[in-house]
Asker: 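My questions will all concern the structure given below.
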Amino acid sequence: MELKTLIRDVPDFPKKGIIFKDICPLLQNHTAFSQAVDQFARRFEGSGVDVIVGIESRGFIFGAALAYKMGAAFVPVRKVGKLPSEVIQESYALEYGNGTVEMHRDAIVSGQRVLLVDDLLATGGTMSAAVNLVKRLGGHVVGAAFLVELTFLDGRKALPGQDVVSLIQY
Ligand code: AMP
């Protein structure tokens, strides 16, 4: 199945000039959804992944399914103020201002092997901040996996030395 045909372009969402890549049609197709999760799992099979880190919020959808499939733990990276216990924070540049993401301080044990997952790689700022959170807790980053990559934004540059995987490219 061609996964790309199930990504819907929504122009001017959430603001003018942005073409939002809507993954809902893919999620609505159970064959496509399981195919995407299986492709991630196959790509990182044998990498000894202990923990899948999913980035709020669409990274949770693929991350949780992948954690189940790979027999790994699941850890959420959330936007500021959402996690209830003690957190560590990383800020990153957005088009206007800054974004901040958080992870529970006890979410990762030093030495654990971590695969990070999000739905889409744009500039790489979000994933780069999440990678820093994992590293600060002593985690070993195995890779960064995305359903969609906007290659024209060169987000891989923000993730030097990382094994960056995407299933669909634009
Ligand atoms: P970035 O930090 O620039 O790589 O942005 C990645 C984050 O923003 C991901 O969590 C995406 O879900 C979201 N995002 C950025 N651009 C788009 C887009 N064109 N369509 C859908 N989601 C996007």
Side-chain angles (χ1 to χ4, degrees), residues 2-29 32-33 35-37 39-40 43-44 49 51-67 72 74-83 87-104 107-108 114-136 139 141-170:
E2 185 61 68
L3 297 180
K4 202 173 193 174
T5 61
L6 294 168
I7 305 294
R8 172 165 57 197
D9 279 4
V10 183
D12 299 323
F13 183 89
K15 57 187 173 193
K16 218 169 168 47
I18 304 281
I19 298 173
F20 192 85
K21 298 292 184 191
D22 180 15
I23 64 167
C24 290
L26 186 146
L27 298 175
Q28 284 167 237
N29 183 313
F33 182 31
Q35 200 174 301
V37 174
Q39 281 186 39
F40 285 135
R43 178 60 175 70
F44 289 98
V49 174
V51 180
I52 303 285
V53 165
I55 300 179
E56 186 171 358
S57 56
R58 291 179 295 275
F60 294 172
I61 300 166
F62 292 96
L66 191 56
F74 178 79
V75 165
V77 162
R78 300 209 63 181
K79 286 159 192 156
V80 71
K82 303 277 191 181
L83 288 169
V87 295
I88 59 169
Q89 282 191 342
E90 281 280 331
S91 291
Y92 58 100
L94 288 174
E95 204 179 344
Y96 303 109
N98 283 305
T100 302
V101 286
E102 295 182 336
M103 182 186 276
H104 275 146
I108 286 164
V114 179
L115 172 60
L116 296 100
V117 183
D118 202 358
D119 68 324
L120 184 139
L121 174 62
T123 65
T126 311
M127 183 56 84
S128 168
V131 163
N132 288 342
L133 290 173
V134 171
K135 286 183 173 170
R136 279 169 59 190
V141 177
V142 170
F146 302 91
L147 181 69
V148 178
E149 176 178 6
L150 304 182
T151 58
F152 53 90
L153 291 176
D154 240 349
R156 283 172 186 257
K157 270 207 184 129
L159 302 164
Q162 299 299 344
D163 185 7
V164 178
V165 170
S166 63
L167 305 186
I168 300 165
Q169 295 84 27
Y170 290 91

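Indexing begins at 1, ligand by ligand and atom by atom, following the structure's order.
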Asker: Tell me every residue that passes side chain to side chain donor-acceptor pair (under 3.5 Å) with Asp9, counting only those two or more places apart in sequence or in another chain.
Answerer: Lys21
Asker: Could you please spell out the steps behind the side-chain contact (heavy atoms from CB on, under 4.5 Å) verdict for Ile7 and Leu26?
Answerer: CA-CA 6 Å; Ile7 305 294; Leu26 186 146; 4.2 Å; yes
Asker: Taking side chain to side chain contact (heavy atoms under 4.5 Å, CB included) as the definition, give me every residue that meets it alongside Pro160, ordered by chain and number, with sequence neighbours left out.
Answerer: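 Here no residue qualifies.
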Asker: Show me the side-chain donor-acceptor pairs of residues 147-157 shorter than 3.5 Å, one per line, residues at least two apart or across chains.
Answerer:
residue, atom, partner, partner atom, Å
Glu149, OE1, Arg156, NE, 3.4
Glu149, OE1, Arg156, NH2, 3.0
Glu149, OE1, Ser166, OG, 2.7
Glu149, OE2, Arg156, NE, 2.7
Thr151, OG1, Tyr170, O, 2.6
Asp154, OD2, Lys157, NZ, 3.3
Arg156, NH1, Val164, O, 3.2
Arg156, NH2, Val164, O, 3.3

Asker: Show the protein residues that qualify under the rule heavy atom under 4.0 Å from an atom of ligand 1, listing them in chain and number order.
Answerer: Ile19, Phe20, Lys21, Arg58, Asp118, Asp119, Leu120, Ala122, Thr123, Gly124, Gly125, Thr126, Leu150
Asker: Can you check whether Pro76's main-chain N or O pairs, donor with acceptor, with Glu56's side chain at less than 3.5 Å?
Answerer: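 A pair under 3.5 Å: no.
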Asker: Are any of the side-chain heavy atoms of Leu120 and Arg58 separated by less than 4.5 Å?
Answerer: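 Of all side-chain heavy-atom pairs linking Arg58 with Leu120, none is under 4.5 Å.
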